[in-house]
J.: 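Sending over a structure as structure tokens; questions will come in a sec.
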Amino acid sequence: MSVLSQLVEALRDGSIRVVDLTQPLGPDTPVIGLPDIFGQSPGLTMDVISRYDDAGPAWYWNTLNLGEHTGTHFDAPVHWVTGKDLPNNTTETIPAHQYVGPACVLDCSADTAADPDFLLTPAWIERWESEHGRIPAQSWVLLRTDWSKRDGAEAILNVDESGPHSPGFRADASELLANDRDVLGVGVETIGTDAGQAGGFDPPFPNHTTMHGAGKFGLASLCNLDLLPATGAIVIAAPLKIVGGSGSPLRVLALTPA
Ligand code: 23J
Ligand code: MN
């Protein structure tokens with residue numbers, strides 16, 4: 001049997017499951033708030049064009065308005081200044097094969113429960129690798145923080161007088177993953193692939209700086225990472241083919257052994 005007919009069989013008999021890593025996208029979907037001096041990305045608004053009424057007696061459809069980086073979304077290399085001159089750096093030019101890859105799930109949920117400002121370090125990654133093997137080139141690295149289990153925008157954004165507090169990557173961990181491991185990119189449960197406090201790091205937003213400068217991708221606001229094994233799942237994450245797009249909301253699916 002060919003690999004693909006085996007796959008069809010396994011999906012049918014349930015030995016491989018499809019896990020949806022995507023959050024619902026609606027008007028209540030939280031969006032990142034940057035300091036006032038910067039432009040802001042709007043959340044989703046939806047307006048009815050017609051709903052089986054005078055504007056369209058037999059059809060229902062809506063107009064959407066939203067920032068590219070809203071809800072479960074993809075970050076393309078062109079999103080960051082460090083990736084602006086790379087070839088194939090936009091949502092319509094990235095080769096489609098790069099949208100499918102094996103997943104390494106790094107379970108940091110105990111660390112983030114103890115410290116909302118937890119940052120992944122090279123030592124943490126190397127400890128994970130001593131148990132699960134080296135992170136393969138062209139794989140997605142997914143950071144399980146259980147942030148998707150937080151209820152409501154306030155708990156997700158977790159802002160106090162010193163700003164937002166959510167986990168992310170130390171600069172040297174992003175460098176290890178991008179340059180030494182040559183990953184496809186990183187996926188997180190938080191609303192951005194940098195820590196809440198990362199605007200004040202040196203450089204600011206080091207994960208965006210490093211990943212996109214190396215032509216790597218980001219996935220934000222994922223969920224259900226707790227349903228995936230540390231290794232062995234495949235992630236499919238294909239953004240909308242927006243011409244010149246810096247990213248887009250998308251449906252992220254994982255194929256995982258039952
Ligand atoms: C712009 C500036 C900072 C950040 C972000 C966007 C994102 O998180 C994003 O959605 O790419 S941290
Ligand atoms: Mn983004």
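Worth saying up front: this structure is predicted, and the values here are computed from it rather than measured. Values reported hereafter were calculated over all heavy atoms of this structure, with side chains retained and with hydrogens, waters and symmetry mates removed. Whatever order the structure lists them in is the order used to number ligands and atoms, beginning at 1.
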J.: Restricting to non-hydrogen atoms, name the atom on Pro249 and the atom on Glu68 that form the minimum distance, rounded to 0.1 Å.
T.: CD-O, 3.3 Å
J.: Determine whether Glu129 and Arg181 satisfy the following criterion, salt bridge (Lys or Arg N to Asp or Glu O under 4.0 Å), listing intermediate values before the conclusion.
T.: CA-CA 11 Å; Glu129 288 184 323; Arg181 296 298 182 270; 2.7 Å; yes
J.: Which class fits the ring pair Trp80 and Phe205: parallel under 30°, tilted 30 to 60°, perpendicular over 60°?
T.: perpendicular
J.: Contacts table for ligand 1: protein N or O within a distance under 3.5 Å of ligand N or O, distances only.
T.:
from: ligand 1; atom 1: 10 (O); to: His69; atom 2: ND1; distance (Å): 3.4
from: ligand 1; atom 1: 10 (O); to: His73; atom 2: NE2; distance (Å): 3.1
from: ligand 1; atom 1: 11 (O); to: His69; atom 2: ND1; distance (Å): 3.4
from: ligand 1; atom 1: 11 (O); to: Asp75; atom 2: OD1; distance (Å): 3.4
from: ligand 1; atom 1: 11 (O); to: Asp75; atom 2: OD2; distance (Å): 3.4
from: ligand 1; atom 1: 11 (O); to: His79; atom 2: NE2; distance (Å): 2.6
from: ligand 1; atom 1: 11 (O); to: His208; atom 2: NE2; distance (Å): 3.0

J.: Do any N or O atoms from the side chain of Ser166 and from the backbone of Gly196 form a donor-acceptor pair under 3.5 angstrom?
T.: yes
J.: At their closest point, which heavy atom of Leu21 faces which heavy atom of Asn224, and how far apart are they?
T.: CD2-O, 3.9 Å
J.: Within less than 2.8 Å of the Mn ion (ligand 2), how many protein N/O/S atoms are there?
T.: 3
J.: If we check side-chain hydrogen bond (donor to acceptor under 3.5 Å, both in side chains) with Asn207, which of these qualifies: Asp194, Asp75, Thr193?
T.: Thr193
J.: Give a yes-or-no answer on whether the side chains of Ser246 and His69 include a donor-acceptor pair shorter than 3.5 Å.
T.: yes
J.: Using the ring of each side chain (for Trp, its six-membered ring), is His212 parallel, tilted or perpendicular to His208, with breaks at 30° and 60°?
T.: perpendicular
J.: Under 4.0 Å between a Lys/Arg side-chain N and an Asp/Glu carboxylate O for Arg51 and Asp53?
T.: no
